[in-house]
There are 2 protein chains.
Amino acid sequence: MAKRAVAAAGRGSGPILCCGAVTEAPLGEADAESLAGVLGALADPVRLRLLSIVASNEEVCSCDLEGPLRKSQPTISHHTKVLAEAGLIAGEKRGRWVWWRVVPSRLEAVRQALGG
Amino acid sequence: MAKRAVAAAGRGSGPILCCGAVTEAPLGEADAESLAGVLGALADPVRLRLLSIVASNEEVCSCDLEGPLRKSQPTISHHTKVLAEAGLIAGEKRGRWVWWRVVPSRLEAVRQALGG
DNA sequence: CTTATAGATTGACAATATTCGATTTATCCG
DNA sequence: CGGATAAATCGAATATTGTCAATCTATAAG
């Protein structure tokens, strides 16, 4: 066993809204909390840059994020965790490194929820 | 003069990103701040429900939001202000009331920025 | 086994955000 | 004018969040 999925739990799986989009009908409280959670994960400049770096490179190691983002290692770890728990990225541990990829379907789900 | 635009200033106008989307290339810091600002306005359950109510009704008076959202008047006022400054809704004061509408192009711009 | 390295976790602190009561401003009506 | 109503602003309490130093865990290499 050389691979291991990382941080795939949390609120990361399943649909964001039970049905429809923000623009279609008044949101229930549960749906609002759900969507706000994912949007909250996106609503940070460091996490947006992190996500865009991962999206631009197929696969990115955590260790390659400290440089471009100019944040400490614990901070990077915190942000990857937030994005992973929101289901927006998925990590795989290989040896000492964790490799991150975007989850395109999750981003698509966000756009849908926003009325896409 | 019976009409007046409300809270159209702030970061509300202009494009969210200078070019491309989060998924296309690493975001610059300015773009990241810009997008995070708009997403931050969306990343609150009360504001999402507020937005969905306005979107579902062409035009909604602030006074008609207190009931469904079950928040105090100052809280509603605060949230409409945040959404308006993000350019997501626009208000028009008519007499004693302020009528809110969504700005569909702004929501579309968010979806685009997210890789739509 | 020992050392080195990647990443996660913990704890603390500063900065922000949400919320509401009280007050103020603006507008309408009699 | 004076009373009533819609909304904005102010001030304060509370909760949440972003950040990093220090520490811990896991894996690789010698």
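All chains are named by letter (A, B, ...) in the order of the sequence lines, taking the proteins before the strands, and each is independently numbered beginning at 1. Source: prediction; values computed, not measured. Computation of the quantities below employed the complete heavy-atom set of this structure, encompassing side-chain atoms and omitting hydrogens, waters and symmetry-equivalent molecules.
Taking atom CG of residue B:Leu65 and atom C1' of nucleotide D:dA8, one finds them 15 Å apart after rounding to whole Å. Atom-to-atom, CH2 of A:Trp100 to C1' of C:dA6 comes out at 13 Å; the value is rounded to the nearest Å. Nucleotide C:dT5 holds its P atom 17 Å from the NZ atom of A:Lys93, rounded to whole Å. Taking atom NZ of B:Lys71 as the reference point, atom P of C:dT19 lies 4 Å away to the nearest angstrom. A straight line from CD of B:Glu66 to C1' of C:dG21 spans 13 Å, rounded to a whole angstrom. Atom pair A:Ile76:CD1 and C:dT9:C1' shows a separation of 16 Å (rounding to whole Å applied). D:dA7 atom P lies 12 Å from atom CZ of B:Arg94, rounded to whole Å. The CD atom of A:Glu92 sits 16 Å away from the C1' atom of C:dA6 (whole-angstrom rounding).
Residues A:Trp99 and A:Leu88 do not share a hydrophobic cluster, defined by chaining ILVMFWY side chains whose heavy atoms lie under 4.5 Å apart. Under a hydrophobic clustering in which Ile, Leu, Val, Met, Phe, Trp and Tyr are joined whenever their side-chain heavy atoms come within less than 4.5 Å, directly or via other members, A:Ile53 and A:Val82 fall into different clusters. Note: the hydrophobic cluster containing B:Leu51 also contains B:Ile16 (ILVMFWY, side chain heavy atoms under 4.5 Å, direct or indirect links).
At the heavy-atom level, A:Ser62 lies under 4.0 Å from the strands shown only through sugar-phosphate atoms. Residue A:His79 is in sugar-phosphate contact alone, with no base atom involved, counting any heavy-atom pair closer than 4.0 Å across all strands shown. Counting any heavy atom pair closer than 4.0 Å across all strands shown, B:Thr75 reaches a base atom.
Between B:Gln73 and B:Ser77 the shortest side-chain heavy-atom distance falls below 4.5 Å.
Scanning residues 31-43 of chain A for heavy-atom distances under 4.0 Å to DNA chain C yields an empty list. For DNA chain C, the neighbouring residues in residues 45-53 of chain B, judged by any heavy atom under 4.0 Å, are B:Val46, B:Arg47.
Across all their heavy atoms, B:Val46 and B:Asp44 have their closest contact at N-OD1, 2.9 Å. Contact between B:Val54 and B:Val102 at its shortest, heavy atoms only, is CG1-N, 3.6 Å. Between B:Lys93 and B:Gly95, the closest heavy-atom pair is CE-O, 3.5 Å. Between B:Ser62 and B:Thr80, the closest heavy-atom pair is OG-CG2, 4.5 Å.
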Go through the steps for A:Leu48 and B:Leu39 under the test side-chain contact (heavy atoms from CB on, under 4.5 Å), then give the verdict. CA-CA 10 Å; A:Leu48 283 174; B:Leu39 289 171; 4.1 Å; yes
Show, in sequence, the C-alpha distance, side-chain angles and deciding distance for B:Leu35 and B:Leu114, and conclude whether the side-chain contact (heavy atoms from CB on, under 4.5 Å) test is met. CA-CA 9 Å; B:Leu35 182 52; B:Leu114 254 30; 4.2 Å; yes
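Dashed line: the shortest gap from a side-chain N or O of B:Lys81 to OP1 or OP2 of D:dT9 is under 4.0 Å.
Residue-to-nucleotide proximity on DNA chain D shows that, of B:Ser77 and A:Arg96, the 5′-proximal contact is made by B:Ser77.
For C:dA6, its base never sits under 3.5 Å from the side chain of A:Gln73 at any donor and acceptor pair.
Distances were taken from every side-chain heavy atom of A:Pro74 (C-beta onward) to each of D:dT9, C:dT18, D:dA22; the shortest belongs to D:dA22. The side chain of A:Trp97 approaches C:dG7 more closely than any other nucleotide in the set C:dA8, C:dG7, D:dA7.
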